[in-house]
Amino acid sequence: MKGIVRVALAEYKRWLCDPRILLLFMLIIYARESVGKILCEHAVAMGEPLNWLEPYIALNNSVIAILIMPVFFLVLMSDFPVMEGSYLWSIYRMGKMRWIVTQMLFAFFAIVTILFGMFVSSILSCWGSLVVNGEWSNVVTRYYLAFPEDAHSPVAQLIQGDIYNQLEVGKAFALSVILTILALLLYSGILLCGKIYGKKYLPLGICISLMGIGAAFSLMRTKLAFLFPPAHALLTGHLHEYMRKEIFPYWMSYLYLLIALVIVIIIAIIGIKRRDVCKKL
């Protein structure tokens with residue numbers, strides 16, 4: 001196990017040193033300006049503080065989270081996994097199964113880094129207007145009453161009643177993080193399969209199609225959205241706004257993403273077992 005973690009960390013350090021990591025800072029700045037800053041302005045307008053977890057929860061329910069961030073993630077991971085040159089000897093030395101575990105662990109490290117960057121950005125964007133407690137703020141739950149003319153603005157609609165009426169803020173945050181991690185791991189698994197089977201553009205096409213169609217259906221508020229990963233990474237749409245009624249239970253989103261992830265990993269295992277790692281893949 002130590003060997004797997006060591007190799008995964010080596011891959012992670014290489015990824016951090018790649019010039020493309022600068023795209024992450026661009027994404028963070030964009031997220032801050034398009035969501036965090038505006039949400040902070042809402043807090044100032046109401047003269048009320050935000051819960052410290054609310055900016056990230058809002059960000060996770062925006063177009064940034066369901067479409068833009070996953071696309072940035074694909075760009076940052078476009079050469080994942082590296083299987084050229086001396087890297088083939090790593091597969092030979094550590095074994096094919098251990099190598100797959102290593103690559104998925106590296107993908108997990110990269111995903112956590114991206115989400116941590118987004119979380120820190122969400123905190124900094126509203127610094128001075130945050131309070132640490134376990135309650136939803138009036139900025140989220142009462143803004144539409146204080147400013148009815150602005151109630152339907154995109155940012156004001158990010159945390160809706162089906163979230164703050166049915167979930168505690170801490171649980172909403174945890175669900176946001178876990179479901180997003182599973183969705184991005186699924187995209188990583190698809191990239192892994194593509195590289196193993198020698199398909200350069202097909203996995204990217206599959207991921208972008210899943211993201212684009214899923215995001216479009218999610219924005220249209222149709223149940224067809226739950227056929228695609230993006231809807232499962234969002235909090236909204238799962239529960240009824242007022243009644244304690246499940247439209248699409250969160251446990252089904254966990255199950256969907258976990259089953260899909262297991263399937264792509266099995267496909268990757270079948271593919272790598274058929275490959276001769278002593279030859280260029």
Side-chain angles (χ1 to χ4, degrees), residues 24-69 72 111-184 218 232-244 246 249-250 253-254:
L24 176 58
F25 295 99
M26 294 174 59
L27 175 63
I28 288 173
I29 293 172
Y30 176 71
R32 176 181 177 180
E33 294 297 316
S34 60
V35 175
K37 185 178 179 180
I38 299 175
L39 193 62
C40 185
E41 291 173 355
H42 290 179
V44 173
M46 287 193 68
E48 296 269 2
L50 286 161
N51 184 288
W52 71 297
L53 299 177
E54 287 174 341
Y56 178 83
I57 295 172
L59 184 61
N60 198 74
N61 281 279
S62 68
V63 176
I64 296 171
I66 63 173
L67 185 59
I68 298 177
M69 183 185 62
F72 268 78
I111 292 166
V112 170
T113 299
I114 293 171
L115 296 189
F116 180 74
M118 303 292 279
F119 175 69
V120 171
S121 173
S122 72
I123 295 293
L124 294 178
S125 63
C126 295
W127 191 261
S129 299
L130 301 177
V131 62
V132 179
N133 60 36
E135 304 294 330
W136 292 102
S137 69
N138 289 331
V139 181
V140 168
T141 61
R142 296 289 183 266
Y143 185 80
Y144 71 99
L145 295 175
F147 299 94
E149 71 282 358
D150 195 33
H152 297 289
S153 67
V155 173
Q157 291 287 307
L158 291 179
I159 304 179
Q160 299 186 30
D162 61 333
I163 300 175
Y164 60 73
N165 286 335
Q166 306 295 355
L167 297 172
E168 296 179 355
V169 64
K171 184 175 181 180
F173 173 78
L175 283 169
S176 295
V177 172
I178 296 171
L179 291 173
T180 302
I181 288 175
L182 289 175
L184 294 180
S218 295
H232 298 280
L234 291 173
L235 291 183
T236 190
H238 287 78
L239 305 173
H240 193 277
E241 185 171 359
Y242 300 108
M243 297 184 294
R244 289 195 173 278
E246 296 178 326
Y250 286 108
S253 288
Y254 280 117

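Formation of a donor-acceptor pair under 3.5 Å by the Asn138 side chain with backbone atoms of Glu48 is not found in this model. Under the 3.5 Å distance criterion, the side-chain polar atoms of Thr180 are matched with a main-chain donor or acceptor of Ser176. A donor-acceptor pair under 3.5 Å is formed between the side chain of Asn61 and the backbone N or O of Thr236. Within the 3.5 Å criterion, the main-chain N or O of Ile178 finds no donor-acceptor partner in the side chain of Tyr254. Asn60 places a side-chain N or O within donor-acceptor distance of the main-chain N or O of Ala233, the cut-off being under 3.5 Å.
Here CG of Leu39 is found 9.5 Å from OH of Tyr143. Values are rounded to the nearest 0.5 Å. Atoms CG and CD1, from Leu59 and Ile28 in turn, are 10.0 Å apart once rounded to the nearest 0.5 Å. Taken from CG in Leu234 to CG in Leu175, the straight-line distance is 12.0 Å, to the nearest 0.5 Å. Here CD of Glu246 is found 9.5 Å from CD of Gln166. Values are rounded to the nearest 0.5 Å. Atom OG of residue Ser121 and atom CG of residue Leu24 lie 9.5 Å apart, to the nearest 0.5 angstrom. To the nearest 0.5 angstrom, Met69 atom CE is 9.0 Å from Ile111 atom CD1.
A pairwise comparison of heavy atoms in Gly170 and Leu53 identifies CA-CD1, 4.1 Å as the closest pair. Of all heavy-atom pairs spanning Ala172 and Ile163, the tightest one is CB-CG2, 4.3 Å. Heavy-atom minimum distance, Tyr250 versus Leu167: OH-CD1, 3.5 Å. Residues Glu135 and Val169 approach most closely at N-CG1, 4.0 Å, considering heavy atoms.
Residues satisfying the side-chain contact (heavy atoms from CB on, under 4.5 Å) test with Tyr164, not counting sequence neighbours, are Trp136, Val140, Thr141, Tyr144, Ile159. Under the side chain to side chain donor-acceptor pair (under 3.5 Å) criterion, Ser253 pairs with His232, His238, sequence neighbours left out. With sequence neighbours excluded, the residues satisfying side-chain contact (heavy atoms from CB on, under 4.5 Å) with Leu130 are Leu50, Trp52, Pro55, Ile123, Cys126. Listed by chain and number, the residues in a side-chain contact (heavy atoms from CB on, under 4.5 Å) with Tyr30 are Ser34, Ile64, Ile68 (sequence neighbours excluded). Applying the side chain to side chain donor-acceptor pair (under 3.5 Å) test to Ser137 and every residue at least two apart in sequence or in another chain returns Glu54. Partners of Val120 under the side-chain contact (heavy atoms from CB on, under 4.5 Å) rule, at least two apart in sequence or in another chain, are Phe116, Leu124.
Surrounding CD of Glu168 are at most 12 heavy atoms belonging to other residues, nucleotides or ligands under 6.0 Å away. Within a 6.0 Å radius of CD in Glu41, more than 12 heavy atoms belonging to other residues, nucleotides or ligands are found.
No option in Asn51, Leu235, Val177 other than Leu235 meets the side chain to side chain contact (heavy atoms under 4.5 Å, CB included) test with Ile57.
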Phe72 vs Ile114, test: side-chain contact (heavy atoms from CB on, under 4.5 Å). Steps then yes/no.
CA-CA 10 Å; Phe72 268 78; Ile114 293 171; over 6 Å; no
